2 protein chains.
Amino acid sequence: MADRNAANLMGRGESLLFLTDDQLRRGIEAMFFAYRGFTADPDRILQDFGYGRAHHRAIHFINRSPGTTVNNLLSILGVTKQSLNRVLRTLVEDGLVDSRVGTRDKRERHLFLTQKGADLERALSEAQRNRMRDAFRNAGPDAVAGFRAVLEQMMDPDMRRHYQEGGDGSR
Amino acid sequence: MADRNAANLMGRGESLLFLTDDQLRRGIEAMFFAYRGFTADPDRILQDFGYGRAHHRAIHFINRSPGTTVNNLLSILGVTKQSLNRVLRTLVEDGLVDSRVGTRDKRERHLFLTQKGADLERALSEAQRNRMRDAFRNAGPDAVAGFRAVLEQMMDPDMRRHYQEGGDGSR
DNA sequence: TTGGAAAGTCAACAAGGCTGACTTAAACTG
DNA sequence: CAGTTTAAGTCAGCCTTGTTGACTTTCCAA
């Protein structure tokens, strides 16, 4: 039964790779279940603030690229500006995000985390990093590279660009 | 700069693992961007039917375990029964899912895909498998094992149980 | 046999996606 | 300089998918 639908047997003399439909299904379910675990800790923290995942994503990428514009955030998050605006508005109103008119181009708004925003960011990312660190530790060093390689291949090209640009260049 | 916050240097004499906050942040973003790619193809197909991801998830797990009960599905999907019920109702109304009253326990409903439901399942999973197969191929055989190992570690224990039970035992 | 637990359903609400139409201000361009 | 494009924001309304609360039907065990 393991041989039906087997793909890529002896690709280029590499080790055998059984990519049966069943193996692929397992990969699909792994993504599904793992993503739930991945978001579980931040979700719990956000609930106490009355925020959701959308707020987390905005906070994360503003922290990653301080001074980023709304438009840039839009292309990273892949949502409509109406959707992002609703989230951003509450974050600014609540004093987590500072929106400053651009100096070079006054149409643009540059986004920064306030101290309060940075505090929440830290709590959220710390929880998420802890889980990822434990997963990496338990899976072992070799697994980490494979994890990242497969995920990178799974991205749409536009998102892969954003992902790579977010790196520190030390590759 | 790569050395601040470095964790797990020389864990047990294994190869060096630099788990800096920045490396972990990269892993977090990899999950975020990859999950979007992972769901993109099915999302497009579902749109033509007026369905969403919730329908996809139900269809997937009914296909995996034909005759499963609503309660079992509930514990896998981790949503409220009211939320699942709405999705299930439309699938039954549209003739994609067959809901049969249990013979032993008449409170239970056993769920099956109809031919029509199986057809949609196939279209969805085929698109998703194609993407995963390509990702696996491009990342290479070693990466696949690492990918799965890390994801499994990232799951909450309850979900890991569901994940492992869904395997074919050939490990 | 009756009371509680389990399975499922109905109603109403909220978050966060979406589209479409529109305004304002700034920047660019012929 | 006039006209167009671009960035940002707003308002209205819709949909999916999550939630809670109240309810019925069915089963089982004390």
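Letters A, B, ... mirror the listed sequences (proteins, then strands); counts begin at 1. Everything numeric in this text was worked out from a predicted model, so none of it was measured.
As judged by a 4.0 angstrom heavy-atom cut-off over every strand, A:T69 is placed among residues touching the sugar-phosphate backbone only. As judged by a 4.0 angstrom heavy-atom cut-off over every strand, A:K106 is placed among residues touching the sugar-phosphate backbone only. Looking at heavy-atom distances under 4.0 Å, A:R104 makes contact with sugar-phosphate atoms alone, never a base. Heavy atoms of A:G50 sit nowhere under 4.0 angstrom from any nucleic acid atom.
The side chain of B:H55 places an N or O atom within less than 4.0 Å of a non-bridging phosphate oxygen (OP1 or OP2) of D:dT17. Put simply, A:R109 has a side-chain N or O that comes within less than 4.0 Å of OP1 or OP2 on D:dG9. Close to D:dG9, at under 4.0 Å from its OP1 or OP2, lies no side-chain N or O of A:R107. At the phosphate of D:dT19, OP1 or OP2 sits under 4.0 Å from a side-chain N or O atom of B:T80. Considering only side-chain N and O atoms, B:N85 lies nowhere under 4.0 angstrom from the phosphate OP1 or OP2 of C:dG8.
In this entry the distance linking CG of A:L91 with P of C:dG16 reads 10 Å, nearest Å. Rounded to an integer number of Å, the gap from CG of A:L84 to P of C:dT19 is 14 Å. The nearest whole Å value for the distance from the CG atom in B:L77 to the C1' atom in D:dT19 is 16 Å. Atom CZ of A:R57 and atom C1' of C:dG16 are 9 Å apart (whole Å). Between A:E108 atom CD and C:dA26 atom C1' the separation is 10 Å, expressed in whole Å. B:R100 has its CZ atom 15 Å from the P atom of C:dG8, to the nearest Å. Atoms CG (A:D43) and P (D:dG18) sit 12 Å apart, rounded to a whole Å. Nucleotide D:dT16 holds its P atom 15 Å from the CZ atom of B:F49, rounded to whole Å.
Of the candidate nucleotides D:dT19, C:dA7, C:dC18, D:dT19 has the atom lying nearest to any side-chain atom of B:V79. Relative to the side chain of B:A54, the nucleotides C:dC18, D:dG18, C:dG8 differ in distance, and D:dG18 lies closest. Picking from D:dT19, C:dT9, D:dG9 the nucleotide with the shortest atom distance to the side chain of A:S99 gives D:dG9.
Using a 4.0 Å cut-off between charged nitrogen and carboxylate oxygen, B:R131 and B:D134 do not count as a salt-bridge pair.
For the 3.5 Å distance criterion, the side chains of B:D119 and B:Q115 qualify, holding a donor opposite an acceptor. Neither side chain, B:H110 nor B:T103, offers a donor N or O lying under 3.5 Å from an acceptor on the other. Side chain to side chain, A:E29 and B:H60 meet the donor-acceptor criterion of an N or O pair below 3.5 Å.
Taking a 6.0 Å sphere around CZ of B:R122, one finds it holds 12 or fewer heavy atoms contributed by other residues, nucleotides or ligands. Shown here is A:Q47, whose CD atom has no more than 12 heavy atoms of other residues, nucleotides or ligands within 6.0 Å.
In terms of position on DNA chain C, the residue among B:R86 and A:V87 whose nearest nucleotide sits closer to the 5' end is B:R86.
A donor and an acceptor atom sit less than 3.5 Å apart, one in the side chain of A:Q82 and one in the base of C:dG20.
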